[in-house]
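For reference, the structure discussed in these notes is given below.
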Amino acid sequence: MTDAAGGGSGAFQRPVARMWAWLLVPRDIAALVAFRVALGLLITVSAVRFLAYGWVGALFVQPRFRFTYWGVGWVPVLPGPWMPTLFVVLGVLGALLMIGLFYRATVVLLFTVFAYVQLFDVTNYLNHYYLVSLLLALMCFVPAHRAFSVDAWRRPALRRDWLPAWCTVLLRFQVAVVYVFAGLAKVTTDWLVHAQPLNIWLAARTGLPWVGPLLEQRWVAYAAAWGGMLFDSTIVLFLLWRRTRPFAYVVVLGFHAVTFVLFPIGMFPFIMVTAALVFFDPSWPRALAARVRLLPAAVRPSVAGEGAPPAAPGWKGRMALGAALAYAFLQVALPLRTHAYGGNVLWHEQGMRFSWRVMTREKNGSATFMVRDSVTGRQWHVPPSQYLTRLQEREMAVQPDLILQLAHRIARDFETATHHPMEVRADARVSLNGRMSEPLVDPSVDLAKEEDGLGPKAWILPAPEGPPVHLRPTRGGGPGA
Amino acid sequence: MTVFKARPEAPSWLGVRALGFIAVLCVACSDGKPKPVDPPPGAGADVRARLLSAAGECILGTARDFLPRAAALQAATAALRDAPDAAAQAAARTAFHEAMDVWQVMEAMQVGPAAPRGSPGGAEIRDNIHSFPLYNRCSLEEQIVSKGYESASFPSSLVTRRGFLALEYLLFYEGAETACGPNSAIVAQGTWAALSVDERAARKRAYAAVVGADVHVRARALVDAWAPEGGNFLKTLAMAGSGNKVFPTAQVALNAMSDALFYVEREGKDQKLARPLALRDCASDICPELLESQFAGRSKQNLHLNLVGFRRIMDGCGPDFTGTGFDDVLAAAGAEGVATRMRQQVVEAESALAAVEEEDLRQALARDKASVMTVYNGFKGITDLLKTDFITTLDLEPPAGLEGDND
């Protein structure tokens with residue numbers, strides 16, 4: 001193993017060798033197959049939902065303006081009428097992933113199409129679909145089609161009952177990152193001391209059957225806030241520990257069932273419940289099948305010696321490890337980057353995306369763009385509704401970089417029409433977690449002259465100070481509720 | 001082999017550590033201030049349900065107010081068609097004003113049957129009665145030439161050919177020229193010019209009578225849809241919650257009502273004020289031709305009545321806006337500050353309107369544009385609050401049906 005370790009002293013070689021052994025030890029493929037099937041199913045169901053509910057039209061066809069992610073504005077736009085076709089493709093690819101047909105091509109194509117859909121418009125960003133994109137990216141490297149798949153059935157040479165442990169490690173790491181950062185994001189005064197925004201959300205749901213009366217109690221919002229933070233930040237530990245794992249998974253099921261009932265978060269609970277399966281023993285599907293008498297007992301395949309780690313992983317192995325470490329570093333650095341900006345990320349949103357701040361804010365804004373002709377001095381007011389759909393407007397009004405993007409577009413349109421340079425200012429007021437609305441961006445700054453980028457944006461005004469509103473429950477959601 | 005091998009023993013140290021962690025965090029996060037006191041049990045009970053019920057009664061009541069005025073409008077336009085004289089014309093115009101005044105109150109109450117088809121329970125009745133800002137004078141004049149209003153399919157024709165905007169043109173506009181361009185058939189073929197003054201006037205009266213009758217039919221449909229003896233949408237709104245197909249939760253119903261309140265932004269601020277003020281879609285210094293009431297000169301009055309309708313839902317439908325409104329929900333939730341600011345903002349907008357000395361915004365735009373700008377700012381103050389504090393506090397208006405995990 002000396003070569004693989006990259007040389008060096010014996011004291012260094014031993015842990016490196018142990019790490020290689022740990023990463024390459026053969027593990028039952030069954031859990032990864034189950035994950036592959038579940039992920040494919042989720043993607044197919046998601047695609048069908050988007051088509052059935054008309055969301056493809058609402059999110060991808062109707063908008064006349066598209067907000068792009070910084071640095072990837074070059075992504076080509078598929079003409080609107082093709083978007084439903086793309087979702088049909090997604091649904092089919094999800095089904096192919098599920099049954100394990102043309103796995104390599106399927107998963108690469110699936111990642112590409114899914115990521116493209118996510119990149120289409122920033123206002124569609126959802127943490128859980130970002131997670132699915134990442135899981136698909138990782139699955140491109142995990143040969144989860146070597147068992148229980150059409151591919152393995154068609155090509156016996158592919159068949160294998162085990163996969164190296166790194167396949168599971170990668171997925172576990174990814175899911176752990178989501179939970180841990182989602183938990184850390186809740187360690188804020190708003191969340192823990194004021195139980196906001198949960199207080200707002202729960203107070204609006206007191207009309208729900210059965211649980212509604214409970215939600216009237218203020219302590220419930222606090223319990224939910226603290227419980228949510230503790231759940232997110234510790235659940236990975238309990239899932240990793242074999243003795244607590246089954247109980248932790250029951251808690252996972254309960255937690256996500258509650259969030260599914262209370263909040264309009266669509267596929268998120270299902271995705272997380274599926275994702276958490278990666279923490280189970282690699283043979284759990286066989287054990288489950290045996291328990292329900294689908295398979296005979298003691299079905300765990302013998303993997304001893306079958307997939308013994310190579311004595312000396314070559315340069316490819318070292319490159320792969322380097323890439324994995326770089327990916328892991330990026331996954332940790334992305335959520336932490338907001339600390340470089342200072343201030344309240346929920347307000348200025350710098351470093352908000354890709355940081356797993358799931359359900360941490362209730363934020364609404366009102367933005368009007370003031371356009372001034374630099375030559376004639378004439379002024380116009382442009383309501384965002386002139387460019388955006390209702391959903392886009394709602395998202396744009398609270399996210400400064402999107403305000404900047406629209407300001408640039410407005411400036412360009414007016415300059416094209418008048419052939420004069422334009423100044424564009426934004427009157428944007430935002431309410432965060434029930435605080436009285438305050439200006440979000442400096443109304444004296446000409447946004448047409450500001451450039452987007454990774455640096456801090458000086459034209460974003462400081463977050464309002466003081467506590468958010470303390471809502472009381474208003475009891476009852478209607479006689480029929 | 002089994003995954004669930006053995007029941008793990010509860011590690012006692014874990015519970016102790018968790019409790020200790022919580023205790024430390026509690027101490028660390030405590031701000032030392034007295035905690036807000038919860039209201040006594042029963043305070044604010046079912047205030048959302050009371051709002052839904054009260055708003056339904058308010059909408060039905062306003063629709064019922066409108067119905068006899070629509071009937072009077074139908075009668076007056078029919079009388080004008082049958083016996084055209086100055087008195088009949090004046091009566092028809094008065095009937096138009098009286099009906100329009102009530103309708104403008106209804107504008108901020110587009111919930112259920114009056115709302116667009118995409119809304120819960122929406123049946124588009126509003127657009128069939130008053131299609132503003134959709135308006136096309138040329139298509140009205142084409143109808144006059146073709147006598148399209150006599151067609152049996154006229155009630156299902158484009159809304160821009162029917163409703164108050166058509167009536168206003170037909171009853172109030174006396175000019176001879178057409179708004180159609182040279183490419184229009186009635187100009188290119190000379191059929192508009194070929195109509196005599198008397199024939200054109202007669203056709204306008206006949207057209208107005210048809211539209212007046214159509215408005216009355218729609219007004220009756222609206223009342224029928226809401227009334228307990230009819231479609232009983234009143235009950236549908238009041239009984240929002242589990243089992244209700246239109247409003248499966250009270251929150252969906254409240255969202256529908258807050259959507260209706262956004263009339264003051266979409267049509268009020270952005271259409272009736274921003275465009276005539278040349279803040280958008282206008283190449284000149286002012287664009288009075290983009291005001292709502294082009295021929296009857298009621299644009300100022302209409303805005304005032306829109307605010308009346310807004311306040312009936314926001315503050316209450318009783319005399320002086322007493323009764324249950326959104327302000328009661330806000331107050332019951334502990335957000336009295338939002339309710340107070342909203343009320344102040346509406347009063348400011350009303351004061352700004354009252355401060356416009358001219359009878360109509362057309363004259364005000366020409367003589368004192370700044371006064372109209374103050375009205376615009378007043379409306380913007382309302383909509384800024386609506387879109388921020390109001391929506392946030394009551395957790396309203398997530399785009400219908402879409403999932404999210406970022407807020």
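The shown structure was predicted, so the numbers you read here are calculated from the model rather than taken from an experiment. Below, read A as the first sequence line, B as the second, and so on, with proteins coming before strands; counting in each chain starts at 1.
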Contact summary for [X] and [Y], nearest pair of heavy atoms:
{"X": "His381(A)", "Y": "Tyr376(B)", "result": "ND1-OH, 2.7 Å"}
{"X": "Met436(A)", "Y": "Gly337(B)", "result": "CE-C, 3.7 Å"}
{"X": "Ile200(A)", "Y": "Asp395(B)", "result": "CG2-CB, 3.8 Å"}
{"X": "Asp384(B)", "Y": "Ser366(A)", "result": "OD1-OG, 2.5 Å"}
{"X": "Leu279(B)", "Y": "Gln379(A)", "result": "CD2-O, 4.4 Å"}

Next on the checklist: Please report the interatomic distance OG(Ser431(A)) to NZ(Lys387(B)), rounded to the nearest 0.5 Å.
Outcome noted: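 The OG atom of Ser431(A) sits 13.5 Å away from the NZ atom of Lys387(B).
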
Next on the checklist: Let me confirm one number: the OG1-NZ distance from Thr388(B) to Lys363(A), rounded to the nearest 0.5 Å.
Outcome noted: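 Result: 13.0 Å between the selected atoms.
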
Checklist entry - Between Val430(A), Val371(A), Thr368(A), which shows the greatest number of heavy-atom pairs under 4.5 Å with chain B? => result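 Going by pairs under 4.5 Å, I would pick Thr368(A).
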
Item to check | Residue, of Leu432(A), Asn433(A), Asp427(A), that accumulates the most heavy atom pairs under 4.5 Å with chain B | outcome: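 Heavy-atom pair counts peak at Asp427(A).
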
Item to check | Partner residues of Asp270(B) under the salt bridge (charged side-chain N to carboxylate O under 4.0 Å, His left out) criterion, sequence neighbours left out | outcome: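 Checked Asp270(B) against salt bridge (charged side-chain N to carboxylate O under 4.0 Å, His left out); zero matches.
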
Next on the checklist: My understanding is that only residues two or more places apart in sequence, or in another chain, count here; which of them pass salt bridge (charged side-chain N to carboxylate O under 4.0 Å, His left out) with Arg429(A)?
Outcome noted: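 Checked Arg429(A) against salt bridge (charged side-chain N to carboxylate O under 4.0 Å, His left out); zero matches.
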
Next on the checklist: I'd like to know whether Asn364(A) forms a side-chain hydrogen bond (donor to acceptor under 3.5 Å, both in side chains) with Thr392(B), so could you lay out the CA-CA distance, the side-chain angles of the two residues, the decisive distance to 0.1 Å, and finally the verdict.
Outcome noted: CA-CA 6 Å; Asn364(A) 289 285; Thr392(B) 300; 2.9 Å; yes

Item to check | More than 12 heavy atoms of other groups within 6.0 Å of Lys369(B) NZ | outcome: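 Yes, because the 6.0 Å sphere around NZ of Lys369(B) holds more than 12 heavy atoms from other groups.
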
Next on the checklist: Taking OH in Tyr130(A) as the centre, count heavy atoms belonging to other residues, nucleotides or ligands within less than 6.0 Å. Is the count above 12?
Outcome noted: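 For Tyr130(A), atom OH is crowded (more than 12 foreign heavy atoms under 6.0 Å).
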
Between [X] and chain A, which part of the residue has a heavy atom less than 4.5 Å away: side chain, backbone, both or neither?
{"X": "Ala253(B)", "result": "neither"}
{"X": "Phe390(B)", "result": "neither"}
{"X": "Arg266(B)", "result": "neither"}

Checklist entry - Thinking salt bridges, do Asp285(B) and Arg378(A) make one under a 4.0 Å N-O criterion? => result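 A salt bridge is absent here (no side-chain N lies under 4.0 Å from a carboxylate O).
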
Item to check | Residue part contacting chain B, namely of Ser385(A), when any heavy atom lies under 4.5 Å | outcome: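 Just its side chain gets close to chain B.
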
Checklist entry - Non-hydrogen atoms of chain B under 4.5 Å away: do they reach the side chain of Gln392(A), the backbone, both or neither? => result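 For Gln392(A), there is no contact with chain B at all, as no heavy atom is under 4.5 Å.
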
Checklist entry - Arg205(A) and Gln251(B): side-chain contact (heavy atoms from CB on, under 4.5 Å), yes or no, with the steps? => result CA-CA 7 Å; Arg205(A) 286 158 177 79; Gln251(B) 201 65 9; 5.7 Å; no

